[in-house]
Amino acid sequence: MSKGGEAAAGGGANAVLLRYLREQNRPYSAQDAFGNLQREHGLGKAAVVKALEQLAQQGRVREKVYGKQKIYFAAQVSPRRRRPLARLPRTPDPPLPAGAAPGLCPAWQPQLKDLNSSMTTPEMAKEIEALRKDCASYTEKLERINSATNHVTPEEKEKVCREQQLYRREWRRRKRMATELLDAILEGYPKSKKQFFEEVGIETDEDHGVVLPAAV
């Protein structure tokens, strides 16, 4: 691109960004402004950063630095209409709340906090696309389940639950009977319980990690 074309493109970016900041009337970082304008106006990130810096140098937008991030917002009063500072009464600035960033209007502090913690437009679009894919996947899975022919009827489920409860009661009853019988034998056995089990060849549920299934 020629130098004349670059200057024209730069001037167009300046006008687009200045109009956008004035219309929105809120602070933006260069990244957020780029994400919101790139699709409609085809602006590159470098062009956005350069245009914002030029507008700030010209006094047409205000620039605030917070750590590694710069925030830009439209100047509220045109330099041509600004009255001399010597003619304006000077009033002390109100104290900033605890944790507030210095140099920014206190009324904008909550809004700046929300902006820094919220997702950018490209991030939001990416999140929406991921949610749409998840929704489509779940819908497909639900359709497969509804179209299946091997569903368990309520009657079959109730029958299985009754049988499981019966088997659990029988398991506990037989284990209790075996435990009482073994305890009676061990009262007159001269060796330990472990030695008795090894000699007789008794294996317990605990030896094999078997536990009583939970009720359904």
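Position 1 is the first residue of the sequence; numbering continues from there.
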Kindly work out whether a path of hydrophobic side-chain contacts (I/L/V/M/F/W/Y, heavy atoms less than 4.5 Å apart) joins [X] to [Y].
| X | Y | answer |
| --- | --- | --- |
| Leu181 | Ile202 | yes |
| Val49 | Leu17 | no |
| Val16 | Leu18 | yes |
| Leu182 | Met177 | no |

Keeping [X] on the side-chain end and [Y] on the backbone end, is there a donor-acceptor pair under 3.5 Å?
| X | Y | result |
| --- | --- | --- |
| Glu156 | Thr153 | yes |
| Asp32 | Tyr28 | no |
| Glu143 | Glu140 | no |
| Gln164 | Ala214 | yes |
| Arg168 | Pro213 | yes |
| Ser137 | Lys133 | no |

Do you know which two heavy atoms are closest between [X] and [Y], and how far apart they sit?
| X | Y | answer |
| --- | --- | --- |
| Ile71 | Pro27 | CG2-CB, 3.1 Å |
| Gly35 | Pro122 | CA-CG, 3.9 Å |
| Gly59 | Ala75 | O-CB, 3.7 Å |

Would Glu127 and Glu123 satisfy side chain to side chain contact (heavy atoms under 4.5 Å, CB included), going step by step from the backbone distance to the final call?
-> CA-CA 6 Å; Glu127 181 70 14; Glu123 291 173 344; over 6 Å; no
Does the side chain of Gln38 pick up a donor-acceptor pair with the side chain of Lys45 at under 3.5 Å?
-> no
Compute whether any side-chain donor of one residue and acceptor of the other, for Thr204 and Asp207, lie under 3.5 angstrom apart.
-> yes
Residues that Arg132 engages under salt bridge (Lys or Arg N to Asp or Glu O under 4.0 Å), provided they are two or more places apart = none
Salt bridge (Lys or Arg N to Asp or Glu O under 4.0 Å) between Lys126 and Glu129, intermediate numbers included | CA-CA 5 Å; Lys126 185 176 180 180; Glu129 183 64 24; over 6 Å; no
Quick one: does [X]'s side chain get under 4.5 Å of [Y]'s, heavy atoms only?
| X | Y | result |
| --- | --- | --- |
| Asp183 | Glu187 | no |
| Gln57 | Glu63 | no |
| Phe73 | Lys64 | yes |
| Phe197 | Lys194 | no |
| Leu37 | Val48 | no |

In terms of heavy-atom contacts, does CZ of Arg39 have more than 12 from other residues, nucleotides or ligands at under 6.0 Å?
-> no
Heavy-atom count around Arg174 CZ within 6.0 Å, excluding the residue itself: above 12?
-> no
Look up atom [atom1] in [X] and atom [atom2] in [Y], then write down how far apart they are to the nearest 0.5 Å.
| X | Y | atom1 | atom2 | answer |
| --- | --- | --- | --- | --- |
| Glu163 | Leu166 | CD | CG | 8.0 Å |
| Arg22 | Arg60 | CZ | CZ | 6.0 Å |
| Glu158 | Arg162 | CD | CZ | 4.5 Å |
| Leu52 | Leu21 | CG | CG | 6.5 Å |
| Lys50 | Asn14 | NZ | CG | 9.0 Å |

Dump the intermediate steps for salt bridge (Lys or Arg N to Asp or Glu O under 4.0 Å) on Glu155 and Lys159, then the final yes or no.
-> CA-CA 6 Å; Glu155 294 77 12; Lys159 179 182 177 182; over 6 Å; no
What do the steps show when you test Tyr72 against Lys70 for side chain to side chain contact (heavy atoms under 4.5 Å, CB included), and what is the final call?
-> CA-CA 7 Å; Tyr72 298 90; Lys70 293 182 179 180; 3.5 Å; yes
Return the set of residues passing ring pair (Phe, Tyr, Trp, His ring centres under 6.0 Å) with Tyr167 (not counting sequence neighbours), or none when no residue passes.
-> none
Mind running side chain to side chain contact (heavy atoms under 4.5 Å, CB included) on Leu142 and Tyr138 for me, showing each step along the way?
-> CA-CA 6 Å; Leu142 181 60; Tyr138 293 140; over 6 Å; no
Contacts of Glu199 that satisfy side-chain hydrogen bond (donor to acceptor under 3.5 Å, both in side chains) - sequence neighbours left out | Tyr189, Lys191
Steps toward side chain to side chain contact (heavy atoms under 4.5 Å, CB included) verdict (Trp171, Asp205) = CA-CA 11 Å; Trp171 183 334; Asp205 294 340; 3.3 Å; yes
CA sep, side-chain torsions, deciding dist, call: Glu206, Lys175, salt bridge (Lys or Arg N to Asp or Glu O under 4.0 Å) | CA-CA 12 Å; Glu206 291 74 17; Lys175 185 170 184 178; 3.2 Å; yes
